[in-house]
2 protein chains.
Amino acid sequence: MALRHAVLAALLDGEYSGYQLAKAFDIGVANFWHALPQQLYAELAKLEKDGLVAGRQVVQETRPNKRLFRVTAAGRAELENFAAAASKPSFIRDDLLVKVQTADRIGTASVIEQLEERASAADAKIELLGALLRQLRGDADEEEFLLDGERIGPYLTCLRGLAFEGEHRDWCRRIAAVLKERLAIRAER
Amino acid sequence: MALRHAVLAALLDGEYSGYQLAKAFDIGVANFWHALPQQLYAELAKLEKDGLVAGRQVVQETRPNKRLFRVTAAGRAELENFAAAASKPSFIRDDLLVKVQTADRIGTASVIEQLEERASAADAKIELLGALLRQLRGDADEEEFLLDGERIGPYLTCLRGLAFEGEHRDWCRRIAAVLKERLAIRAER
DNA sequence: GCATCATACTCAACAATCTGATTAGTCAGA
DNA sequence: TCTGACTAATCAGATTGTTGAGTATGATGC
């Protein structure tokens, strides 16, 4: 019952279709939850059945029709209960880390490559998030926005995403360098 | 098929029973994968059936008997394939982040509390990981150990865990402070 | 002397997530 | 004009992960 709340939280900013939500889950929302479109459509259907969101049909000429959803009063109440309940600790779950655990013995060269790819991907994500943050805070500087801004929730979660990506990138680059250096030392001997 | 490889990677350091493995998944291995004991026992059974690990019974006097597992040649080959394959990007999935997304509107006070609890939990984890790292590298300093050490895989993943916890803690404290400050400002008005 | 913790593991039921395919019209570029 | 990408969604099936309970013995603490 957690995707449920992630969807409600994302929908708090306005009316979105399943498709738009899927996009959001690829960028901003991805900072706190990840889900595939199929899951979102399924979850929206359940949320509507339970009366936590309300959908309305929008007929379009040049595009397929779509359904826009918004959070109902019951949905807001559900979020309140959720916010008050205890949350389970977060944890990392990453294929690449599993590989690094074995990288001093198994598949070193390939892992180095993947670390560098990851670091580049993180660079791209960092730029994207930086742009998103600038957009969210408008003209204000960060301090000011955080204290006076209307809607800072998405900004705060983006900050987390940004920090995560930055640190992930640094770690990838450092570990790639260490593994390379070790390969070089062992080649010399 | 990812827990599979996490178990193989963890088992690379020696022979472990399901129970010991469960402990490892609570501390060091938790830096790259999380799993409950039930899953581990089930996965070990599957791995043994597939010939990727081999188990042997150890009869104990004062404790229940146990089965110790080690990675077979086929298991090592499986890890090699895994290391060479592409890995999917990692992502955060965190209840608390979902709450922060809504925290400027919903459940602010409770979320502040939870952020502070998380920060304290992260402090504890950081100390634990620090100790684990010191233990892994023995007398050597980090630079030296990373270049000359025998088995640095677990050390590298712990470094990631440490960085993650540190940054998580900083973010939690900062966000808690921001939310508090906003409450105070709004109370004044 | 009783409660609780640690070792060691198992089973069943359920919920959540992922994989992969399918439909169908529009629009931009080679 | 063909190709591929974008909008908008749905379906079935498989895999993974969680919840919760249960078994049995020895050790430790109050």
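Every chain is numbered from 1, with letters handed out A, B, ... down the list of sequences. Model, not experiment: these values are computed from the prediction.
Residue-to-nucleotide proximity on DNA chain C shows that, of A:A2 and B:Q20, the 5′-proximal contact is made by B:Q20.
As rounded to whole Å, 16 Å separates atom C1' of D:dA8 from atom CD of A:E15. C:dT10 atom P lies 10 Å from atom CD of B:E48, rounded to whole Å. Between the C1' atom of C:dG25 and the CG atom of A:N65 lies a distance of 11 Å, rounded to the nearest Å. The nearest whole Å value for the distance from the CG atom in B:L44 to the C1' atom in C:dA8 is 13 Å. As a whole-Å value, the separation of A:D26 CG from C:dC18 P is 12 Å. Here the C1' atom of nucleotide C:dC11 and the NZ atom of B:K46 are 15 Å apart, to the nearest Å. Straight-line distance from the CD atom of A:Q60 to the P atom of C:dA24: 18 Å, rounded to whole Å. If you take CZ of B:R67 and P of C:dC9, they are 9 Å apart, rounded to a whole angstrom.
Here B:K23 reaches the OP1 or OP2 of C:dT7: one of its side-chain N or O atoms lies under 4.0 Å away. Phosphate proximity of D:dT19 to A:K88: present, with a side-chain N or O under 4.0 Å from OP1 or OP2. Regarding contacts with the backbone of D:dA9, every side-chain N or O of A:Y19 stays at 4.0 angstrom or more from both OP1 and OP2.
You'll find the side chain of A:R182 stays beyond 4.5 Å of the side chain of B:D148, heavy atoms only.
Counting only residues at least two apart or in different chains, ring-ring contact (aromatic ring centres under 6.0 Å, His included) contacts with residues 141-175 of chain B comprise B:F145-B:Y155, B:F164-B:H168.
For A:D141, the CG atom counts as densely surrounded, since its 6.0 Å shell holds more than 12 non-hydrogen atoms of other residues, nucleotides or ligands. Within a 6.0 Å radius of CD in A:Q57, other residues, nucleotides and ligands contribute more than 12 heavy atoms.
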Show me the side-chain donor-acceptor pairs of residues 21-41 of chain A shorter than 3.5 Å, one per line, residues at least two apart or across chains.
unit_1	atom_1	unit_2	atom_2	d
A:N31	ND2	A:G28	O	2.9
A:Q39	OE1	A:L36	N	3.2
A:Y41	OH	A:Y19	N	3.3

Can you give the donor-acceptor pairs under 3.5 Å from side chains of residues 74-89 of chain A to other protein atoms, not counting sequence neighbours?
unit_1	atom_1	unit_2	atom_2	d
A:E78	OE2	A:H5	NE2	2.9
A:S87	OG	B:K99	NZ	3.4
A:S87	OG	B:Q114	OE1	2.8

Exercise. Given the rule in the side-chain contact (heavy atoms from CB on, under 4.5 Å) test, do B:L179 and B:L115 qualify, once you have shown the distances and angles that lead to the verdict?
Worked result: CA-CA 10 Å; B:L179 291 173; B:L115 284 164; 4.0 Å; yes
For this session: For A:E43 and A:L8, run side-chain contact (heavy atoms from CB on, under 4.5 Å): C-alpha distance rounded to whole Å, both residues' side-chain angles, the deciding distance at 0.1 Å, then the answer.
Result: CA-CA 10 Å; A:E43 198 61 49; A:L8 285 173; over 6 Å; no
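Remark: B:Q38, B:Y41 in residues 29-41 of chain B come within less than 4.0 Å of DNA chain C through at least one heavy atom. The stretch residues 90-97 of chain A has no heavy atom under 4.0 Å from DNA chain C, so no residue of it qualifies as close.
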Exercise. Tell me, for nucleotides 24-29 of chain D in 5' to 3' order, what letter each nucleotide earns: B for a base near a protein heavy atom under 4.0 Å, S for only sugar-phosphate near one, - for neither?
Worked result: --SS--
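Ion pair A:R186/A:D104 not flagged as a salt bridge, since none of the NZ, NE, NH1 or NH2 atoms sits closer than 4.0 Å to an Asp/Glu carboxylate oxygen. For B:R67 and B:E48, the salt-bridge test passes: some basic side-chain N is under 4.0 Å from an acidic carboxylate O.
To the nearest 0.5 Å, the span separating CZ on A:R70 from CD on A:E15 amounts to 7.0 Å.
At distances below 3.5 Å, at least one donor-acceptor pair connects side-chain atoms of B:T108 with backbone N or O atoms of B:A103.
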